[in-house]
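Letters A, B, ... mirror the listed sequences (proteins, then strands); counts begin at 1. Quantities reported herein were computed from a predicted structural model and do not represent experimental measurements.
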Amino acid sequence: MTPPDGLRGRLEPLPRSQLEADAPRVAPGLLGCVLRVGDRVGRIVEVEAYGGADDAASHAHRGRTGRNATMFGRAGLLYCYRSYGIHTCANVVTGAECEGQAVLLRAVELLGSDEDLAPVRADRPAARRRVDLANGPGKLCEALGITLDDDGTDLCGPGSRATLCYDGAAPRHRVARGPRVGISVATGRPWRFWVEGSPYVSR
DNA sequence: GACAAGATTGACT
DNA sequence: GTCAATCTTGTCC
């Protein structure tokens, strides 16, 4: 497979050790990284950190349940859940095992030529502009083809359908931060991070 | 078993 | 800016 337009270098899987810190520390470091799912590739431009039991806005706040079990797994797993009965949202599990910390992926810049993205556009006739294809947690999953079946995928595993990678170049962006979006509790924590000036962020 | 809530999105006014 | 869609999960009785 030929690498899509927009990559700066060769894709190297992210070392799991980088994900084993607390979510608010890991989150800004994920900006600029590349998420590959099957033959679709996106550069991460917006994330939100969710802590463990001490974060009232986190799914882990009420402890481990059937739905959030993946969140309590090892760092580097993909935690997927259904939001509002309609959309799928994707997180990267961080921190130590059993802590329940994760980083929500809110927006990516899809990489590839217009031709590469034709199937994505076909799935989303409402998104007229390229920047509208993956500028939100639900849209990101749809654009990259992430489903609930991908819950528990090891993003640091070489053979996984979904992997988290560097593309070899040092980040050139500035990181902006602010309060998280769409939550009703613990709104005071500025744990949303995005690439300053990027047109691909959700809001 | 019943019910309420939700880390969203897109259509409509 | 407002609001409905949609359905799974967790909680309560």
TODO: Check the pair A/Y79, A/H59 against side chain to side chain donor-acceptor pair (under 3.5 Å), reporting the backbone distance first and the verdict last.
DONE: CA-CA 11 Å; A/Y79 165 47; A/H59 288 178; 2.8 Å; yes
- [ ] Check the pair A/R40 / A/D116 against salt bridge (charged side-chain N to carboxylate O under 4.0 Å, His left out), numbers first and verdict last.
- [x] CA-CA 8 Å; A/R40 296 186 183 176; A/D116 293 332; over 6 Å; no
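Residue contacts shown for A/R106 are limited to sugar-phosphate atoms, with no base heavy atom under 4.0 Å away. Residue contacts for A/L104: at a heavy-atom cut-off of 4.0 Å it reaches a base atom on one of the strands shown.
Remark: the A/T70 side chain and the A/D151 side chain contain an N/O donor-acceptor pair separated by less than 3.5 Å.
Rounded to an integer number of Å, the gap from A/R192 CZ to B/dA7 P is 16 Å. With rounding to whole Å, A/I86 atom CD1 is found 7 Å from C/dT6 atom P. Across the protein-nucleic acid pair, A/H61 atom NE2 and B/dA7 atom P stand 12 Å apart, rounded to whole Å. Rounded to whole angstrom, the span from the CD atom of A/Q101 across to the C1' atom of B/dA7 amounts to 16 Å.
Using a 4.5 Å heavy-atom threshold, the side chains of A/N91 and A/Y81 count as touching.
Contact annotation: side chain of A/Y81 to base of B/dA7, donor-acceptor pair present below 3.5 Å.
In this structure, A/Y84 counts as stacked on the base of B/dG6 under the 5.5 Å centre distance and 30° plane angle limits.
Base pairing analysis places C/dT8 opposite B/dA5; the two distances defining the Watson-Crick or G-U wobble pair are each below 3.5 Å.
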Task: Protein proximity profile, nucleotides 8-13 of chain C - base contact B, sugar-phosphate-only contact S, no contact -, cut-off 4.0 Å on heavy atoms - done: -SSS--
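Near DNA chain B, meaning a heavy atom under 4.0 Å from it, residues 132-148 of chain A has A/G136, A/P137, A/G138, A/K139 in order of number.
Taking a 6.0 Å sphere around CZ of A/R161, one finds it holds more than 12 heavy atoms contributed by other residues, nucleotides or ligands.
Applying the 4.0 Å criterion to OP1 and OP2 of B/dG6, one finds that A/S184 has a side-chain N or O inside that range.
Between A/R129 and A/D132, at least one side-chain N (NZ, or NE/NH1/NH2) sits under 4.0 Å from a carboxylate O, which counts as a salt bridge.
For A/R74, the salt bridge (Lys or Arg N to Asp or Glu O under 4.0 Å) criterion is met by no residue, not counting sequence neighbours.
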